[in-house]
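For reference, the structure discussed in these notes is given below.
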Amino acid sequence: MSNGSISIALESSSSLFTKILHYTRCKNLPKGQSLHSHLIKTGSSSSCIYIANSIVNLYAKCHRLSDAHLAFQEIQTKDVVSWNSLINGYSQLGRRDSSLSALNLFKLMRQENTLPNPHTFAGIFTSLSTLGDSFTGKQAHCLAFKLGYLSDVFVGSSLLNVYCKAGHHLGDARNMFDEMPERNSVSCTTMISGYALQRMVKEAVGVFSVMLLKRGEDVNEFVFTSVLSAIALPEFVYVGKQIHCLSLKNGFLSAVSVANATVTMYAKCGRLDDACRAFELSSEKNSITWSALITGYAQNGDCEKALKLFSEMHYRGMIPSEYTLVGVLNACSDFDALREGKQVHGYLVKLGFEPQMYILTALVDMYAKCGNISDARRGFEYLKEPDIVLWTSMIAGYVKNGDNESAKGMYCRMLMEGVMPNELTMASVLKACSSLAALEQGKQIHAHIVKHGFSLEVPIGSALSTMYAKSGSLHDGNLVFRRMPARDLVSWNSMMSGLSQNGCGTEALELFEEMLHEGTRPDYVTFVNILSACSHMGLVKRGWSIFRMMSDEFGIEPRLEHFACMVDMLGRAGELYKAKEFIESAASHVDHGLCLWRILLSACRNYRNYELGAYAGEKLMELGSQESSAYVLLSNIYSSLGRLEDVERVRRLMNLRGVSKEPGCSWIELKSQFHVFVVGDQLHPQIIHIRDELWKLTKLMKDEGYKPDFDPCLELEGVMD
DNA sequence: TTAGGGTTAG
């Protein structure tokens with residue numbers, strides 16, 4: 001034994017104690033460990049229960065729970081403090097698994113007939129709030145009441161947190177808060193954060209104001225952080241500003257959590273300039289400060305700025321947290337920024353981030369939304385047990401990329417694997433059914449919605465009414481629409497689109513009036529739907545007035561879709577030369593020209609105005625159209641005008657540009673089976689029977705007086721084959 | 001003379 005060890009062995013237990021406590025407070029694990037090993041060597045580690053318990057506590061506070069557990073097991077006669085040291089060590093880790101360990105230890109403690117004290121309950125309630133388990137919380141609440149511990153402010157505050165974290169018990173929480181014999185800054189912070197979680201801004205600010213009046217001296221950085229985080233709506237930004245000033249005046253803005261909450265508050269209220277100023281003025285910045293501003297820009301639609309800040313963060317040597325990365329990946333997803341998303345992915349791998357569920361979900365979502373569905377799928381298959389968010393991301397990804405069949409397949413696989421869908425899953429799979437006009441399957445999903453007890457709120461109600469409307473069941477679509485407890489702009493637009501597409505233009509226009517009457521502000525999609533309805537109904541005058549109203553009254557600049565509706569409207573009404581003038585005044589962009597002249601060309605064919613048709617067709621050739629139907633139509637027009645040289649020229653141009661014709665294709669769903677038909681194929685097993693029926697129908701039509709149109713320009717298959 | 005509660009990014 002060296003001289004040093006002898007000196008430790010001879011130290012009085014009170015001085016050893018002081019050292020252990022000091023190392024615990026400073027979380028100095030190496031010093032603590034060496035002291036522990038000397039205690040074991042000299043046999044004094046188990047001689048005194050205070051020292052033995054303090055060793056358990058030392059390891060627990062340094063987050064070395066396995067060592068704490070070993071030290072705990074070494075204690076021959078454990079007392080309530082031994083148990084509490086270990087239980088609270090697990091509780092304070094704040095993870096699900098550690099919280100469950102704390103609860104198990106509590107059970108063992110009771111089995112060994114050790115009476116819990118208020119310290120035990122403080123830890124147990126902390127674990128229960130981490131787990132969001134208000135059910136067990138109530139049982140423990142009863143026990144704490146029976147033992148007479150509820151008047152203890154530590155027990156009260158931690159129990160309050162159990163009810164606050166389980167949102168639906170917020171009323172119970174408030175009652176408890178009001179009846180607490182003693183309240184302090186911790187109980188107030190807990191109550192404010194509870195309101196913040198439920199977006200109850202007024203209530204949160206109310207608790208803060210009362211506290212300020214009654215216990216001004218108690219207000220600290222925790223209180224400011226929680227109340228600032230509660231203010232997340234633009235209409236409350238003026239309150240946020242006042243609290244921001246107050247925190248500055250009282251010297252709390254130097255606390256990094258208060259500064260972070262201030263940046264977040266301004267960003268959530270859409271005040272990016274103020275958020276930026278708060279960011280620049282914060283004396284200490286950590287990864288949360290950067291995250292707050294990056295996410296703020298991303299959520300307010302400025303993806304470029306978000307990505308720029310992210311690279312600046314890297315440049316300044318600040319290591320991003322997984323939250324920062326998730327924020328940046330979400331920004332990339334929302335703005336189709338695949339290249340940047342891939343860079344972030346590479347960076348993430350380089351930093352050695354474990355592929356945890358939420359990072360993987362953000363990656364899958366980014367790849368799927370940016371159109372790289374195969375990489376999204378690879379990320380998805382990486383996890384053996386994907387959670388519902390990941391399933392939903394994948395399903396929504398397929399829908400966004402137009403692969404609705406795969407989306408439906410994914411949904412079925414998910415159900416078979418026993419994963420419960422959530423409302424976003426349902427909305428996505430309904431969207432797939434709408435696009436496929438798969439009414440029967442849509443109805444089945446509707447049944448799932450009822451069975452799982454989902455309500456008709458946005459987004460489910462909106463997706464459901466759209467599904468019915470797009471599948472032609474306008475009555476059911478309208479029924480769902482009317483039963484929705486609240487509608488947003490998308491719900492109105494979807495229903496209008498359903499009506500307009502199914503030939504109910506008048507109803508669509510009525511719905512538009514109703515929407516304006518209810519005070520919902522239309523967007524550019526609304527006007528696409530309404531102009532399209534006017535076009536289908538032949539309401540030229542109304543269409544013109546709505547087209548003007550869009551920019552004059554609502555400040556919405558017309559886009560290609562609106563110009564297209566206008567050309568279509570004029571074309572259908574036979575006002576072909578007005579349509580030509582309109583295109584020439586509006587089509588400043590190549591893409592616009594390609595789309596608009598194509599619409600006019602079709603209209604000219606319908607009205608057999610070959611002269612203007614040829615003019616529109618030549619415009620399309622000039623602009624380098626890649627659409628086979630344009631070439632076919634133009635060539636048919638020249639053919640019927642007897643201009644065979646031009647026929648030849650258009651045909652050569654088509655070959656030269658490598659334009660090929662997509663065969664026509666149609667499908668129908670019967671008894672949950674899809675029957676697909678491509679022009680000229682004989683693949684269907686009942687094709688002979690089907691043709692027989694078609695022949696009979698054609699004969700019936702002719703008998704009823706139908707005269708087929710033999711205009712050569714309608715024979716799209718004809719001349720070019 | 002050992003052991004306890006609350007905050008920020010998603």
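Order of the sequence lines fixes the chain letters, A, B, ..., with proteins taken first and strands second; residue numbering starts at 1 for each chain.
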Heavy atoms under 4.0 Å, any strand shown: does E322(A) hit a base, just sugar-phosphate, or nothing?
nothing
Does a side-chain N or O from N57(A) land closer than 4.0 Å to OP1 or OP2 of dA3(B), or not?
yes
Measure the acute angle between the ring planes of Y50(A) and F17(A), then classify it against the limits of 30° and 60° as parallel, tilted or perpendicular.
tilted
Ion pair check, D218(A) and R183(A), cut-off under 4.0 Å:
no
Distance, rounded to the nearest Å, where M211(A) contributes CE and dT7(B) contributes P:
14 Å
Drop me the distance from I294(A)'s CD1 to C303(A)'s SG, to the nearest 0.5 angstrom.
11.5 Å
Whole-Å distance separating the NZ atom of K285(A) from the P atom of dT8(B):
21 Å
Regarding N53(A) and N84(A), do their side chains bring together a donor and an acceptor under 3.5 Å, going by distance alone?
no
With a 4.0 Å cutoff (strictly under), does any side-chain N or O of K165(A) reach OP1 or OP2 of dT7(B)?
yes
Separation of dT2(B) P from I49(A) CD1 (nearest whole Å):
13 Å
Can you tell me how far the OG1 atom of T130(A) sits from the CZ atom of R96(A), to the nearest 0.5 Å?
9.5 Å
Sugar-phosphate only, base, or nothing, as touched by V153(A) at under 4.0 Å among non-hydrogen atoms:
base
Does a nitrogen or oxygen in the side chain of Q299(A) sit under 4.0 Å from OP1 or OP2 of dG10(B)?
yes
Any chance you could lay out the side chain to side chain donor-acceptor pair (under 3.5 Å) test for N260(A) and S257(A), step after step, and finish with the verdict?
CA-CA 5 Å; N260(A) 291 350; S257(A) 71; over 6 Å; no
Give me the residues of residues 184-200 of chain A where at least one heavy atom lies under 4.0 Å from an atom of DNA chain B, by number, or none.
N184(A), S185(A), V186(A), T189(A), T190(A), S193(A)
Judged by atom type as modelled, is there a donor-acceptor pair below 3.5 Å linking the side chain of N184(A) to the main-chain atoms of S187(A)?
yes
Is there a side-chain polar atom (N or O) of Q92(A) under 4.0 Å from OP1 or OP2 of dG5(B)?
yes
Using only modelled atom types and a 3.5 angstrom limit, is any donor from either the side chain of Y50(A) or the base of dT1(B) paired with an acceptor on the other?
yes
Nearest 0.5 Å, what's the CD1-CG distance between I460(A) and L424(A)?
8.0 Å
Nucleotide nearest V326(A) when distance is taken to its side chain, options dA9(B), dG6(B), dG10(B)
dG10(B)
How many whole angstroms separate atom CD1 of I20(A) from atom P of dA3(B)?
11 Å
Would you kindly give the CG-to-P distance between L86(A) and dT2(B), to the nearest whole Å?
19 Å
Rounded distance in Å - CG (D152(A)) to C1' (dG5(B))
9 Å
How are the rings of F121(A) and F125(A) set to each other: parallel, tilted or perpendicular (split at 30° and 60°)?
tilted
Can you measure M109(A) atom CE to dA3(B) atom C1' for me and round it to whole angstrom units?
10 Å
Would you tell me whether N117(A) and T120(A) have side-chain atoms, one donor and one acceptor, within less than 3.5 Å of each other?
yes
With respect to the phosphate group of dG4(B), does any side-chain polar atom (N or O) of K61(A) fall under 4.0 Å of OP1 or OP2?
yes
It should be established whether S229(A) places a side-chain nitrogen or oxygen under 4.0 Å from OP1 or OP2 of nucleotide dT7(B).
no
If stacking means aromatic ring centre less than 5.5 angstrom from the base's six-membered ring centre, planes under 30°, is F222(A) stacked on dG6(B)?
yes
Can you find a donor-acceptor pair, distance only, under 3.5 Å between N220(A) side chain and dG6(B) base?
yes
Applying the 5.5 Å / 30° rule, does Y323(A) stack onto the base of dA9(B)?
no
For the pair made of CG in L16(A) and P in dT1(B), what is the distance, rounded to whole Å?
14 Å
When we call it a touch if two heavy atoms are under 4.0 Å apart, what does N286(A) touch: a base, just sugar-phosphate, or nothing?
nothing
Keeping the roles fixed (side chain from S311(A), backbone from K308(A)), state whether a donor-acceptor pair exists under 3.5 Å.
yes
Can you list, by residue number, the residues of residues 250-269 of chain A that have a non-hydrogen atom closer than 4.0 angstrom to DNA chain B?
S257(A), N260(A), T264(A), K268(A)
